[in-house]
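Both counts, for ligands and for their atoms, begin at 1 and track the order of listing. Numbering of residues begins at 1 and proceeds along the displayed sequence.
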Amino acid sequence: MRKLGWSDVTPKPLWLNRRQLIAGGAAVLATPAMARIEAAPSRFSTDLAPNTLEEITSYNNFYEFGTGKEDPARYAGGLTTDPWSIVIDGLVERPGTYDLADVVKDRPLEERIYRFRCVEAWSMVIPWIGFELAGLLNRVGVQPSAKFVAFETLVRPEEMPGQSSPFIEWPYREGLRLDEAMHPLTILATGLYGEEMPKQNGAPIRLVVPWKYGFKSIKSIVRITLTDTMPATTWNMLQPQEYGFYANVNPQVDHPRWSQASERRVGSGIFAGRENTLMFNGYGSEVAALYNGQDLAVDY
Ligand code: MTE
């Protein structure tokens, strides 16, 4: 039986909150702001109710636009996302600079409603639109010696005001082991809530790895490099004793400055209480085998 996506079951006015309805007026109800993206539902989607579009687009981490949670919504509008291209290089058969349209071409788009757990102990449920990274990697041809995939975000200080602060060594970088990158849960997302990716969420294309802390899910990607050595990653470079390369969601391994045992669902209200954090953010049955034989307290 075909699994229903959120859009099959939820009339748009229900997930737009009151403020958006008031701000947008009747026009919101009558005409969608952007072209809707057709995407198939996925067996990997959670049945949990997604956060509202307002929550997902107004409480963000995107340090290229500042360190405040509201800074991305305030400043990302100035980012030029068209034209956009991605350099795919390193240990691949067909390296090159690929236009975004070419990267997305022939990729079957799916809606993936994923739990999203930030290392800061808040969480959301987000209806991403995207495609499996594995499909793209197979298309460019991974050489047998490749063991890791490195990702980089755009550097453009004139449009990204946070990049004038040197506290991060730009570009923002992330990485995955090749088997993590090839896992079917790992997607490149080009939209959410059935529409193009909002700029504050990492337009036009970002990574989403739902069993890892949110900082692994790098935004606005311009480079993907296949390599045989573990790549340098932004938060690990900044604070190696606090942020490891793996960053798997793990309620048993606390951050040195706070507990990871529970989390606050954004929008749940101050009286709602906290929820227990799940090992691998609830995706253990899919991904635990990737870490057989690894001590996750050491490989944190
Ligand atoms: N990617 C880039 N380029 N820059 C960033 O600052 N922040 C990360 C991740 N990807 C970040 C990034 C962190 S810490 C989190 S929690 C998520 O993006 C937040 O994604 P969201 O704003 O879409 O919820």
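- For the residue pair Thr229/Thr227, the side-chain donor-acceptor check at 3.5 Å is satisfied.
- At a heavy-atom cutoff of 4.0 Å, ligand 1 is contacted by the side chain of Tyr172 but not by its backbone.
- No hydrogens or angles considered: a donor-acceptor pair under 3.5 Å links the side chains of Asp299 and Gln294.
- Side chains of Asp89 and Thr225: a donor on one and an acceptor on the other come within 3.5 Å.
- Remark: the Lys69 side chain and the Asn60 side chain contain no N/O donor-acceptor pair separated by less than 3.5 Å.
- The shortest N or O to N or O distance between Trp235 and ligand 1 is not below 3.5 Å.
- For atom 24 (O) of ligand 1, the nearest protein heavy atom (residue, atom name, distance) is Phe116 CE2, 3.8 Å.
- Here Met160 contributes atom CE and Phe62 contributes atom CZ; the two are 4.0 Å apart, rounded to the nearest 0.5 Å.
- Within the structure, ligand 1 has Arg206 among the residues with a heavy atom less than 4.0 angstrom away.
- Looking at atom 4 (N) of ligand 1, its nearest protein heavy atom turns out to be Glu64 OE1, 2.8 Å.
- Ligand 1 has an N or O atom lying under 3.5 Å from an N or O atom of Lys219, backbone or side chain.
- Here Lys216 has no heavy atoms under 4.0 Å from ligand 1, in either its backbone or its side chain.
- The environment of CD in Gln239 is crowded: more than 12 heavy-atom neighbours from other residues, nucleotides or ligands sit within 6.0 Å.
- For ligand 1, the atoms sitting less than 4.0 Å from at least one non-hydrogen atom of Asn61 are 7 (N), 11 (C), 13 (C), 14 (S), 15 (C), 16 (S), 18 (O), 19 (C), 22 (O), numbered in the order shown with element in parentheses.
- Checked against a 6.0 Å centroid threshold, the rings of Phe215 and Tyr243 count as neighbours.
- The distance criterion of under 3.5 Å between nitrogen or oxygen atoms is met by Asn201 with respect to ligand 1.
- Between the side chains of Glu242 and His255, at least one donor-acceptor pair of N or O atoms lies under 3.5 Å.
- Distances between N or O atoms of Thr153 and those of ligand 1 include at least one value under 3.5 Å.
- Inspection of the Arg177 and Tyr246 side chains reveals an N or O donor paired with an N or O acceptor under 3.5 Å.
- Between the side chains of Glu263 and Asn276, not a single donor N or O lies within less than 3.5 Å of an accepting N or O.
- Each of the following atoms of ligand 1 lies closer than 4.0 Å to a heavy atom of Ile218: 1 (N), 10 (N).
- Taking distance alone, with nitrogen or oxygen atoms compared against 3.5 Å, Ser217 approaches ligand 1 more closely than that limit.
- Ligand-side atoms of ligand 1 in range of Cys118: 16 (S), range being under 4.0 angstrom from any heavy atom.
- The contact set between ligand 1 and Asn60, taken as ligand atoms under 4.0 Å from a residue heavy atom, comprises 21 (P), 22 (O), 23 (O).
- The atoms of ligand 1 that sit less than 4.0 Å from any heavy atom of Tyr63 are 5 (C), 6 (O).
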